[in-house]
Chemist: 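Can you read through this structure? Questions will come right after.
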There are 2 protein chains.
Amino acid sequence: MSSDGGPEQGGERERAAGEAWRALYRLVFEREGQLRFHEACDATGLAPGGLKALLQLSADQPIPMRDLADFFRCDPSYVTSLVDGLEAAGLAERQSHPTDRRVKMVVLSRAGVEALGQARKILGEPPASFDALSTSELLRLRTLLAKLTEAEPPAGL
Amino acid sequence: MSSDGGPEQGGERERAAGEAWRALYRLVFEREGQLRFHEACDATGLAPGGLKALLQLSADQPIPMRDLADFFRCDPSYVTSLVDGLEAAGLAERQSHPTDRRVKMVVLSRAGVEALGQARKILGEPPASFDALSTSELLRLRTLLAKLTEAEPPAGL
DNA sequence: TATTGTTATACTCTATAACTATA
DNA sequence: TATAGTTATAGAGTATAACAATA
């Protein structure tokens, strides 16, 4: 955080930022987010690792296994076991790379796409506490959060 | 989510709620939150489970081990191993309950309090993307999020 | 020689079952 | 009899090391 407010605003700005962040963190990381994630695991029959992998895959954009390992900062051998699991469940398939025959790429099967939709539906459902905000407050909240996510580094795959 | 807006506002309200929630989720659960948590693990030398336990403890309010198991929805035997770890690291101590001699309670040692402070400092640091908001926007964001956390069920220990 | 993915193996995390002590 | 915590054990989850195939 840099301070860009007025000369007397720095403290207030930083306090507000800290409080906002900690509220975000509590809301998502310690409560509803975890619940949602567990629900989605149960609904799809996947272990946490399998669900995280599922969420990074699609039917039409094959992903090299190596990229998954980089994204998750895990060992390639673990990606092997994750993809083994998804394949055994009929949710994903390995494809060979068109030009580099060392590389294997992963895509979702039809069942995988369906499971992904189910997971996204559960994860995307706002918690009951959102009822505490009026519609205009929700609109403002959405706008502010959109600014934050746009400012983030493009951490995707 | 119930819809309490005007007759034509329901769709917009729900869309805003969904988008706000998913932005929250992405921000905390898939990115900065995970990074912060890993950093805090490294800084304290604790495994994820140990850090989660540390965050629920304090020096002056002893917590029965059973309450920890309930809070984490885990088996009591796992609490035993978590507390064993914290104790071996010199961060926590077991106390006996004053009246019920079956119960053991956990408190932080002086080193535990210090480690907790270190962890909270890391976890509570807002991400760089917060620079994208003006001070007044941060103040508004904080206010909106405070309403949400206040509306949550009191999930604490 | 360097890189992708797999196998074999081991270590960590977490749960189940059986047990002790206490209520 | 029921409850708090521990021990022993077993099962996931994840990493390391050695290896085969390909670049």
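Values below: all heavy atoms of this structure, side chains included; hydrogens, waters and symmetry mates excluded. By convention in this document, chain letters (A, B, ...) are assigned in the order of the sequence lines, proteins followed by strands, and residues within each chain are numbered from 1.
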Chemist: Between P on dT22(D) and NZ on Lys104(A), what's the gap in Å once rounded to a whole number?
Modeler: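 Interatomic distance, NZ of Lys104(A) to P of dT22(D): 10 Å.
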
Chemist: Could you state the interatomic distance from CG (Leu116(A)) to CG (Leu54(A)), rounded to the nearest 0.5 Å?
Modeler: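 It comes to 5.0 Å.
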
Chemist: Over 60° means perpendicular and under 30° means parallel, so tell me whether Phe130(B) and Trp21(A) are parallel, tilted or perpendicular.
Modeler: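 Phe130(B) vs Trp21(A) ring planes: perpendicular.
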
Chemist: Starting from C1' on dG5(D), measure out to CD on Gln95(B) and report it in whole angstrom.
Modeler: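 Roughly 16 Å, once rounded to whole Å.
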
Chemist: When the distance from CG of Asp75(A) to P of dT7(C) is rounded to whole Å, what number comes out?
Modeler: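 Rounded to the whole Å, the gap is 14 Å.
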
Chemist: Between Val28(B) and Leu55(A), is there a shared hydrophobic cluster once you connect ILVMFWY residues whose side-chain heavy atoms come closer than 4.5 Å?
Modeler: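 In one cluster with Val28(B): Leu55(A), yes.
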
Chemist: What do you reckon, is CD of Glu114(B) surrounded by more than 12 foreign heavy atoms closer than 6.0 Å?
Modeler: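 Open: at most 12 neighbouring heavy atoms sit under 6.0 Å from CD of Glu114(B).
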
Chemist: If you pin Leu82(A) and Met65(B) to their nearest nucleotides in DNA chain D, which one's is more 5'?
Modeler: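 Per heavy-atom nearest nucleotide, the more 5' residue is Met65(B).
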
Chemist: Under 4.0 Å from OP1 or OP2 of dA23(D): is there any side-chain N or O of Arg102(A) that close?
Modeler: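 Arg102(A) to dA23(D) OP1/OP2: no side-chain N or O under 4.0 Å.
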
Chemist: Atom CG of Leu68(B) and atom P of dA4(D): how far apart are they, to the nearest Å?
Modeler: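 Going from Leu68(B) (CG) to dA4(D) (P), I get 13 Å.
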
Chemist: Ignoring backbone atoms, establish whether Arg94(B) has a side-chain N or O less than 4.0 Å from OP1 or OP2 of dT6(D).
Modeler: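 Answer yes for this pair, as a side-chain N or O of Arg94(B) is under 4.0 Å from OP1 or OP2.
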
Chemist: Round to a whole Å and report the spacing from CG of Leu51(B) to P of dT12(C).
Modeler: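 Spelled out: CG on Leu51(B) to P on dT12(C) is 18 Å.
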
Chemist: Which is more 5' along DNA chain D, the nucleotide nearest Ser77(A) or the one nearest Pro48(A)? Just name the residue.
Modeler: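 Final value for this comparison: Pro48(A).
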
Chemist: OP1 or OP2 of dT22(D) sitting under 4.0 Å from any side-chain N/O of Arg101(A)?
Modeler: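 True: Arg101(A) side-chain N/O within range (under 4.0 Å) of dT22(D) OP1/OP2.
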
Chemist: Would one find a side-chain N or O of Arg73(B) under 4.0 angstrom from OP1 or OP2 of dA15(C)?
Modeler: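 Looking at the OP1 and OP2 atoms of dA15(C), neither is under 4.0 Å from any side-chain N or O of Arg73(B).
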
Chemist: Quick check: on DNA chain C, is the nucleotide nearest Asp100(A) upstream (toward 5') of the one nearest Cys74(B), or the reverse? Name the residue that is more 5'.
Modeler: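 The residue whose closest nucleotide sits nearer the 5' end is Asp100(A).
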
Chemist: With a cut-off of less than 4.0 Å, is there a side-chain N or O of Thr80(A) near OP1 or OP2 of dG5(C)?
Modeler: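 No.
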
